[in-house]
Student: 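Got a structure for you, questions after.
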Amino acid sequence: MRMSQLFYYPQKEMPKDVEAISHMLMLKSCMIERVASGIYNFLPLGFRVLKKIEDIIRREMLAIGAQEVLLPALHPSELWKITGRWDEYGEELFKLKDRHDRMMCLGPTHEEIITALVKAKINSYRQLPFMLFQIQTKFRDEPRPRFGIIRSREFIMKDLYSFHADEESLNEGYYRVYQAYKNIFDAIGLDYKIVEAESGPIGGDVSHEFVIIAESGEDEIAYCSSCTYSATTEKAEYKPVIVDDSEDLLPIEKVYTPGLKSVEEVSNYLNVPPSKLIKTIMIKADGRSIALLVRGDSEVNLKKVEELLGIKNVSLVEDSETSAPLGFVGPIGLEGIEIIADPEIKGVKNGVVGANEKDYHLKNVNIGRDFEPTRFLPIRRAKKGDLCPKCGGELVISKGIEAGHIFKLGTKYSEPMGAVFQTATGQLKPIIMGCYGIGVSRLVAASIEQNNDKNGIIWPRNIAPYEIYILPTDWTNETIRSFSEDLYNRLVQKGYEVLLDDRDERAGVKFMDADLLGIPIRITIGNRFIRSGIVELKNRRKTDVWEVPAEEIIDRLEGVF
RNA sequence: CGGGGCGUAGCGCAGUUGGGAGCGCGCCUGUUUCGGGUACAGGAGGUCGAAGGUUCGAGUCCUUUCGCCCCGACCA
């Protein structure tokens, strides 16, 4: 491709509200353009990257025996009503009417459509198992689109669905996809973690997220610095560490703390470290109230509470429903209420708690002497420096972008939709399903998040829009120009993807653009070539420059990638 | 959904007490420069988000509305 022909209009100035590096670089380098909130045009450079990522994904999907299909983006409401998700999915579902006033929606995911398809065609265990996938546009009316194409309302997703006669087959299929996903993320060259995750609105039992480590991520994950343990912070476990303050127990004291509710406020006012405060959080679950106690420097993890207590629909208690105003609730004098405490509070001596009275806290409170929790359970959110539950190593907390998510759905969709098959013994059973997604467009941005410097993008070769950037410093010079043209033709002939900067621009402009675009290899043809037939070879990722006799360039190329 | 902010040229922005629509980038023309976003000169380009109102007069004040962005939406 010749730069003079490329649809490429780099921008110097960026809106100040562009936050993610990837978003900024994609706009700057003319890869995408915003159409409306959370809606983007993919321009030639961005689209080439997208296609390369698609190709990698497609190759791996085909390799595990999945077959590619294309399902509609426009769905009739009926299917969504059968599974109940017409209402459950909520405002994120784009709903519309056709000319006959029939309700439709734009597909945010395709379980309903694919299950209906499978129901129509599959009757026997002999037809199982199999896998179908598609790469297609999804629509989700996100409450807050953000970070360019990282969280947009219309995006490209690869979704794969697997269909099985029994659990064993599902497990086998799940494992195969898991491996294929590893291949994909490796091929794209990403730093990622695989974590056990919540299954969310898609549902099902087991699920793993493929999370790309990046500052602009919206997920928080915890992983061990010495073993392979990793999980979302909601799921992450930790070894509680009981640090005994080993102080003499002091008599309890009521202190006036007007309007001071937060740990920070109380801790500053009383000049006591947050770790000496015991937070009391009131929750409701299945109609009963429960008090949760954690150290002031920790946060309660409600998902953990649900899991450990085996209850659902846990919610925080509203101000009006408690005996004491929120912010002043404490464990002492809570009659008839179950108290669940994190084991780490056992070590707190002479702690501070709410007094169950507006504007008062209690000092020098001691567990065992002044109150006794009903049970001790590790109910707080994992945090930096926690000990790994598997090996005792230190946990690291990182932000990340969810780029892949795989689920064992079981019969969540096949059962309500009646997608059944006949077993060898003649029984009818719902088909067991798995579903597996990758945010394809999101991966473009995620890769940039991990591969950039102050001058621009640094593409891994596998997904770079072009592999080689030929930079003639002076296009009006006949010697430089004819050599560049010739080199360009030879490289293209050999199958390389090449950008030839044939613009009549100053060298500086071309160097800036070459760096911004992040093409892996740059070949500079300038004064050195005119004087002594030397051209420069440079890898975008490295600072070294190889000076190579012009006739050797092609042979030397592969060594520089 | 709650809170805050912003809509003025393709992009980024300024516009004071109500009276002339401006600056930078980009774009066009010319000269100049030529290995890290050259310099200079000239030029094209805007129903000031929209509707209504106040006023002799509105980018500016009032009302309504649309769009966009940020923060929060579990930790007392």
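Below, chain A is the first sequence line, B the second, and so on; all start at residue 1. The structure displayed is predicted, hence computed values, not measured ones.
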Student: For B:G20, give its Watson-Crick or G-U wobble partner with both distances under 3.5 Å, or none.
Tutor: none

Student: Could you work out the separation of B:G15 and B:U60 based on their C1' atoms and round it to a whole Å?
Tutor: 9 Å

Student: So what does A:Asp515 touch, heavy atoms closer than 4.0 Å: a base, only the sugar-phosphate, or nothing?
Tutor: base

Student: With a 4.0 Å cut-off on heavy atoms, is A:Arg381 in touch with a base, just the backbone sugar-phosphate, or nothing at all?
Tutor: base

Student: Would you call A:Lys383-A:Glu299 a salt bridge at under 4.0 Å N-O?
Tutor: no

Student: If I pick the C1' atom on B:C40 and the same atom on B:G46, what distance separates them, to the nearest angstrom?
Tutor: 27 Å

Student: Below 3.5 Å is the cut-off: list the nitrogen or oxygen pairs between protein and nucleotides 38-45 of chain B, distance only.
Tutor:
residue, atom, partner, partner atom, Å
B:U38, OP2, A:Arg506, NE, 3.2

Student: Please give, in whole Å, the distance from B:C71 P to A:Arg151 CZ?
Tutor: 13 Å

Student: Would you call the rings of A:His405 and A:Phe407 parallel, tilted or perpendicular, taking 30° and 60° as the class edges?
Tutor: parallel

Student: Within the 4.5 Å heavy-atom criterion, are A:Ser152 and A:Phe139 side-chain neighbours or not?
Tutor: no

Student: Would you measure the distance from the C1' atom in B:A58 across to the matching atom in B:U8 and give it in whole Å?
Tutor: 14 Å

Student: Would you kindly say whether A:Ser275 and A:Asp297 are connected by a side-chain donor-acceptor distance under 3.5 Å?
Tutor: no

Student: With sugar-phosphate meaning primed atoms plus P, OP1 and OP2, does A:Arg531 contact a base, only sugar-phosphate, or nothing at under 4.0 Å between heavy atoms?
Tutor: nothing

Student: When only distance counts, do a donor and an acceptor, one from the side chain of A:Arg146 and one from the base of B:G72, lie under 3.5 Å apart?
Tutor: no

Student: Whole-Å distance between B:C74 P and A:Glu218 CD?
Tutor: 15 Å

Student: In whole angstroms, how far is the P atom of B:G10 from the CG atom of A:Leu27?
Tutor: 18 Å

Student: Just the rounded figure in Å: distance from P of B:G36 to CZ of A:Arg528.
Tutor: 15 Å

Student: Whole angstroms only, please: what is the CZ-P distance between A:Arg503 and B:G26?
Tutor: 13 Å

Student: If pairing requires Watson-Crick or G-U wobble contacts with both distances under 3.5 Å, which nucleotide is the partner of B:G42?
Tutor: B:C28

Student: Is B:C48 paired to anything, Watson-Crick or G-U wobble with both distances less than 3.5 Å, and if yes, which nucleotide?
Tutor: none

Student: Nearest-Å distance, OH (A:Tyr8) to P (B:G26)?
Tutor: 13 Å

Student: Quick one: are A:Leu517 and A:Tyr469 in side-chain contact, heavy atoms under 4.5 Å?
Tutor: yes

Student: So if I take every side-chain heavy atom of A:Lys28 and compare against B:G37, B:G35, B:C68, which nucleotide ends up nearest?
Tutor: B:G37

Student: Check whether any side-chain nitrogen or oxygen of A:Lys12 sits under 4.0 Å from OP1 or OP2 of B:G26, and answer yes or no.
Tutor: yes

Student: Using the closest heavy atom to pick a nucleotide of RNA chain B for each, name whichever of A:Pro10 or A:Pro145 lands nearer the 5' end.
Tutor: A:Pro10

Student: Considering only the P atoms, how many Å lie between B:U38 and B:C25, rounded to the nearest integer?
Tutor: 12 Å

Student: Given that A:Gly296 and A:Glu91 both sit by RNA chain B, which one's nearest nucleotide is further toward the 5' end?
Tutor: A:Glu91

Student: Using Watson-Crick or G-U wobble geometry with both distances under 3.5 Å, which nucleotide pairs with B:G67?
Tutor: B:C6

Student: Return the CZ to NZ distance between A:Arg380 and A:Lys279, rounded to the nearest 0.5 Å.
Tutor: 11.0 Å

Student: Looking across every strand, which nucleic acid part, if any, lies under 4.0 Å from A:Thr524 by heavy atom: base, sugar-phosphate, or nothing?
Tutor: base

Student: What do you reckon, are the aromatic ring centroids of A:Tyr360 and A:Tyr256 less than 6.0 Å apart?
Tutor: yes

Student: Does A:Glu536 reach a base, just sugar-phosphate, or nothing at all? Heavy atoms under 4.0 Å.
Tutor: base

Student: Is there a Watson-Crick or G-U wobble partner for B:G72 with both distances under 3.5 Å, and if so, which one is it?
Tutor: B:C1

Student: Have A:Thr137 and A:Glu154 got a donor and an acceptor in their side chains that come within less than 3.5 Å?
Tutor: no

Student: Output the single nucleotide from B:G37, B:G35, B:G36 whose closest atom is nearest the side chain of A:Asp513.
Tutor: B:G37

Student: Any base atoms under 4.0 Å from A:Ser37, or only sugar-phosphate, or nothing? Heavy atoms, all strands.
Tutor: sugar-phosphate

Student: Among B:C11, B:G35, B:G36, which nucleotide sits nearest the side chain of A:Thr473?
Tutor: B:G35

Student: Determine the Euclidean distance between corresponding C1' atoms of B:U63 and B:C69; express it in Å to zero decimal places.
Tutor: 24 Å

Student: So what does A:Glu19 touch, heavy atoms closer than 4.0 Å: a base, only the sugar-phosphate, or nothing?
Tutor: sugar-phosphate

Student: Within 45° of the ring axis of A:Tyr466 and under 6.0 Å from its six-membered ring centre, is that where the NZ or CZ of A:Arg48 lies?
Tutor: yes

Student: Measuring to OP1 and OP2 of B:C68, would you say a side-chain N or O of A:Arg34 lies under 4.0 angstrom away?
Tutor: no

Student: Mind checking the P distance from B:G36 to B:A41? Whole angstroms is fine.
Tutor: 24 Å

Student: Go through A:Tyr269 and A:His361 one step at a time and tell me if the side-chain hydrogen bond (donor to acceptor under 3.5 Å, both in side chains) criterion holds.
Tutor: CA-CA 11 Å; A:Tyr269 183 74; A:His361 279 76; over 6 Å; no

Student: Between B:C6 and B:U16, how many Å separate the two P atoms, rounded to a whole number?
Tutor: 14 Å

Student: Pick the C1' atom in B:C68 and in B:U31, then give their distance to the nearest Å.
Tutor: 43 Å

Student: Identify which nucleotide among B:G12, B:C70, B:C68 has an atom closest to any side-chain atom of A:Glu13, counting heavy atoms from C-beta outward.
Tutor: B:G12

Student: Quick one: label A:Asp474 by what it contacts on the DNA or RNA (base, sugar-phosphate, nothing), any heavy atom closer than 4.0 Å.
Tutor: nothing

Student: Between B:C70 atom C1' and A:Phe147 atom CZ, what is the distance in whole Å?
Tutor: 11 Å

Student: Measure CE/A:Met14 against P/B:G10 and give the value in whole Å, please.
Tutor: 17 Å

Student: Tell me, yes or no, whether the heavy-atom count around A:Phe47 atom CZ, taken from other residues, nucleotides or ligands under 6.0 Å, exceeds 12.
Tutor: no

